[in-house]
Amino acid sequence: MGNASGFYGDRFDAMREMLTGGELDVLTGDYLAELTMLILGRDRLKDPAAGYARTFLRQLEECLGLAHERGVRIVTNAGGLNPAGLADAVRRLADRLGIPVRVAHVAGDDLTAAHPGSLAAHAYLGGFGITQCLRAGADVVVTGRVTDAALVTGPAAAHFGWSETEYDRLAGAVVAGHVLECGAQATGGNYAFFRDGDARRPGFPLAELHEDGSCVITKHPGTGGFVDVGTVTAQLLYETAGARYAGPDVTARLDTVRLSQDGPDRVRIEGVRGEAPPPTLKVGLNRLGGFRNEVVFVLTGLDIEAKAALVREQLEPALGKVADVRWELARTDRPDAPTEETASALLRLVVRDPDQGAVGRALSGAAVELALASYPGFHVLAPPGKGSPYGVFEDVYVPHGSVDHVAVLHDGRRIPVPPAHDTAVLDAVPQPSLPQPPEPGPTRRAPLGLVAGARSGDKGGNANVGVWARTDDAWRWLAHELTADRFRELIPESRELTVVRHVLPNLRALNFVVEGILGAGVAAQHRFDPQAKALGEWLRSRHLEIPEALL
């Protein structure tokens with residue numbers, strides 16, 4: 001099984017590359033994220049027939065014939081908010097191209113009508129709707145909001161004949177799906193130790209799945225990037241939390257995952273245990289939160305703090321009635337700088353309000369009027385606009401049985417997908433024993449990233465930062481040194497927030513969840529890095545006392 005898309009906007013030619021690069025049975029494409037659902041929701045407001053990832057159709061225009069010739073089935077969540085519409089569009093495309101393919105789709109995730117005021121409300125479905133479509137002979141399966149890993153668990157269950165209660169096998173497929181879902185992030189993309197290989201144009205990942213749920217992560221021969229235990233570890237930690245990784249079909253135990261290098265660009269994943277899924281399904285709610293505007297003032301040379309104070313005081317009268325006003329001063333300036341850019345700091349003003357007028361003309365007029373009447377050297381990166389809408393994401397949970405999960409087959413038959421056979425409440429896993437700490441010895445103040453990798457991301461308003469050691473000796477130090485309190489010390493933004501540390505000894509890893517650091521989610525653009533993509537790299541750049549033996 002291969003992946004040809006990690007997000008809406010990923011490399012266009014990846015589908016052709018995956019279909020022509022080597023052996024393949026199933027090709028998946030993940031196009032959805034929290035922000036994508038909001039974007040598709042706004043598309044649907046303008047056109048009720050929209051709401052799906054149009055890029056996927058353009059890719060199929062080039063590649064549907066290839067997939068048919070090679071017997072590769074395609075499974076994608078590109079249906080977004082309108083999987084039936086995309087399935088119909090694929091059928092029309094196939095008819096026009098003269099390619100006899102059977103197209104099915106999965107329905108039931110759309111709960112918008114039950115959540116008044118939301119732009120889009122969609123339950124995260126599991127993989128067994130996909131399974132039903134494939135067992136009935138579908139060549140292309142289109143879904144809406146299923147879990148990312150369902151794109152792998154559904155085909156795996158169809159191929160191997162797994163039942164809904166074969167939790168260890170399903171959990172293995174969930175782990176494989178989680179590694180594949182973000183495309184090139186498993187093959188050297190966005191990787192802390194990117195200099196270990198050629199990361200200029202990473203290929204897309206493959207999983208060789210086995211009937212027992214184990215797999216090998218690899219890539220097509222001759223494609224760029226690299227696959228090693230580190231790249232797979234990084235992706236396993238991405239947007240996860242503790243030992244239990246819950247989904248609608250199974251709860252995978254990440255603390256049971258065992259990784260080993262199985263040859264060049266081959267990583268074996270085995271030992272994954274699974275448990276019954278939780279009794280509820282996650283529902284992602286997207287709504288419009290109001291209007292947002294921003295302006296970035298450039299402060300150059302001397303008296304940076306005083307210049308910032310002046311412009312803030314000058315704009316106070318225009319901002320007095322705005323609901324949310326945030327100022328951030330980034331001291332990117334250096335003393336005696338050789339260029340004007342490196343002599344400059346950036347003062348960022350972000351405003352939000354339910355009323356577009358409060359953050360639109362009122363702000364832009366007040367800011368522009370300062371052009372000749374403020375600090376010396378006054379200029380901005382770009383003039384403020386009229387204010388744009390922003391979104392808010394939150395998740396709620398509903399019982400499995402409240403969602404009508406349906407496989408709509410290529411011949412129009414509708415097959416209901418029953419809710420989970422058994423469920424189990426997600427209790428906390430006891431903290432595992434830590435390794436013996438290293439013997440005391442000389443230390444040197446140095447960046448954490450010299451001995452540890454990290455990858456970070458967003459889940460609603462929370463961020464997660466996965467940190468792992470590459471050697472047993474480094475793990476013995478990291479497990480004791482990087483506590484939740486030390487994390488707060490290194491990341492000042494988190495000091496007033498709840499930080500939860502999860503320990504995953506099999507991966508030599510720690511996973512930190514920072515609650516509320518992203519406000520109302522990525523669409524609200526609460527902070528400089530609204531998806532926390534670089535939070536892990538910031539952590540790696542922080543200095544602390546590290547044993548010289550590790551350096």
Side-chain angles (χ1 to χ4, degrees), residues 175 179 185-186 188 190-197 199 217 226-238 240-243 253-272 429-456 464-491 499-513 535-551:
V175 169
V179 174
Q185 280 196 171
N190 298 354
Y191 181 52
F193 303 106
F194 64 95
R195 291 185 293 179
D196 285 358
I217 303 297
F226 55 102
V227 179
D228 63 21
V229 168
T231 66
V232 174
T233 299
Q235 180 55 28
L236 279 175
L237 295 173
Y238 180 64
T240 60
R253 290 290 298 262
L254 298 184
D255 56 344
T256 64
V257 175
R258 297 199 306 269
L259 305 179
S260 58
Q261 200 73 36
D262 196 50
D265 293 322
R266 292 177 62 84
V267 171
R268 182 170 296 278
I269 302 178
E270 55 194 344
V272 185
V429 174
Q431 283 293 311
S433 299
L434 297 181
Q436 283 293 111
E439 294 293 328
T443 64
R444 176 154 48 95
R445 193 162 181 81
L448 173 64
L450 294 183
V451 296
R455 178 170 286 166
S456 54
N464 99 284
V465 184
V467 186
W468 77 94
R470 300 213 282 181
T471 67
D472 289 338
D473 286 343
W475 168 238
R476 291 169 61 202
W477 171 79
L478 183 72
H480 291 274
E481 176 65 23
L482 194 57
T483 62
D485 286 340
R486 180 54 58 88
F487 184 99
R488 290 190 191 93
E489 178 186 322
L490 296 173
I491 304 295
V499 177
V500 181
R501 183 179 98 148
H502 301 279
V503 181
L504 299 168
N506 278 10
L507 300 177
R508 293 191 298 228
L510 306 169
N511 217 345
F512 295 89
V513 177
L535 188 57
E537 285 301 293
W538 179 22
L539 178 67
R540 292 182 69 236
S541 74
R542 298 308 308 270
H543 288 220
L544 65 172
E545 292 294 327
I546 299 176
E548 288 188 353
L550 301 179
L551 300 170

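None of the values given here were measured: they were computed from a predicted structure.
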>> Please give me the minimum heavy-atom distance between Gly188 and Ala199, naming the atom from each residue.
In response: O-CB, 3.8 Å

> Do Ile546 and Thr443 have side-chain heavy atoms sitting under 4.5 Å apart?
Replying inline: no

>> Show the nearest heavy-atom pair for residues Ser456 and Gly536, with the distance to one decimal.
In response: OG-N, 2.9 Å

>> Rounded at 0.5 Å granularity, tell me how far CG in Leu504 sits from OG1 in Thr256.
In response: 10.0 Å

> Crowded around Arg195 CZ? As in, over 12 foreign heavy atoms under 6.0 Å?
Replying inline: no

> Counting only N and O atoms by type, is there a donor-acceptor contact under 3.5 Å from the side chain of His480 to the main-chain atoms of Pro435?
Replying inline: yes

> Which distance, rounded to the nearest 0.5 Å, do you find between the CZ of Arg470 and the CG of Leu550?
Replying inline: 12.5 Å

> Going by heavy atoms in the side chains, are Leu490 and Leu482 under 4.5 Å from each other?
Replying inline: yes

> Hey, what do you get for OH (Tyr238) to CG (Asn464), rounding to the nearest 0.5 Å?
Replying inline: 8.5 Å

> Once you round to the nearest 0.5 Å, how far does CG of Asp265 lie from CG of Asp228?
Replying inline: 8.5 Å

> Can you tell me how far the CZ atom of Arg444 sits from the CG atom of Leu551, to the nearest 0.5 Å?
Replying inline: 4.5 Å

>> Tell me the closest heavy-atom pair linking Ala479 and Leu434, and the distance in Å.
In response: O-CD1, 4.0 Å

>> What verdict does the side chain to side chain contact (heavy atoms under 4.5 Å, CB included) test give for Val503 and Leu510, after you've listed the backbone C-alpha separation in whole Å, the side-chain angles of each residue and the deciding distance to 0.1 Å?
In response: CA-CA 5 Å; Val503 181; Leu510 306 169; 3.9 Å; yes

> Is NZ or CZ of Arg486 both nearer than 6.0 Å to the six-membered ring centre of Phe512 and within 45° of the ring axis?
Replying inline: no

> Can you check side chain to side chain contact (heavy atoms under 4.5 Å, CB included) on Leu448 and Arg542, steps first, answer last?
Replying inline: CA-CA 6 Å; Leu448 173 64; Arg542 298 308 308 270; 5.7 Å; no

>> Assess the residue pair Ile491 and Val499 against the criterion (side chain to side chain contact (heavy atoms under 4.5 Å, CB included)); give the C-alpha distance rounded to whole Å, side-chain angles, the decisive distance to 0.1 Å, and a yes or no.
In response: CA-CA 11 Å; Ile491 304 295; Val499 177; over 6 Å; no

>> Testing the basics here: between Arg445 and His543, what is the closest heavy-atom pair and its distance to 0.1 Å?
In response: NH2-O, 3.2 Å

> Any cation-pi pair here, Arg501 with Phe487, using under 6.0 Å and within 45°?
Replying inline: no

> Can you find a heavy atom in the side chain of Trp468 that is under 4.5 Å from one in the side chain of Leu507?
Replying inline: no

>> For a 4.5 angstrom cut-off between non-hydrogen side-chain atoms, does Ser260 reach Glu270?
In response: yes

> Can Gln235 and Arg455 be counted as having a side-chain donor-acceptor contact under 3.5 angstrom?
Replying inline: yes

> To the nearest 0.5 Å, how far apart are OG1 in Thr483 and CG in Leu478?
Replying inline: 10.5 Å

> Of all heavy-atom pairs between Arg476 and Pro437, which one has the smallest distance, and what is that distance?
Replying inline: NH2-O, 3.2 Å

> Would you call Ile269 and Leu259 a side-chain contact if the rule is heavy atoms closer than 4.5 Å?
Replying inline: yes

> Are Leu254 and Val175 close enough, and set up right, to give a side chain to side chain contact (heavy atoms under 4.5 Å, CB included), and what steps lead you there?
Replying inline: CA-CA 8 Å; Leu254 298 184; Val175 169; 4.2 Å; yes

> Between Arg258 and Asn506, is there a donor-acceptor pair closer than 3.5 Å when you use the side chain of the first and the backbone of the second?
Replying inline: no

> What closest approach, in Å, do Gln261 and Val229 show between heavy atoms, and which atom pair accounts for it?
Replying inline: OE1-N, 3.1 Å

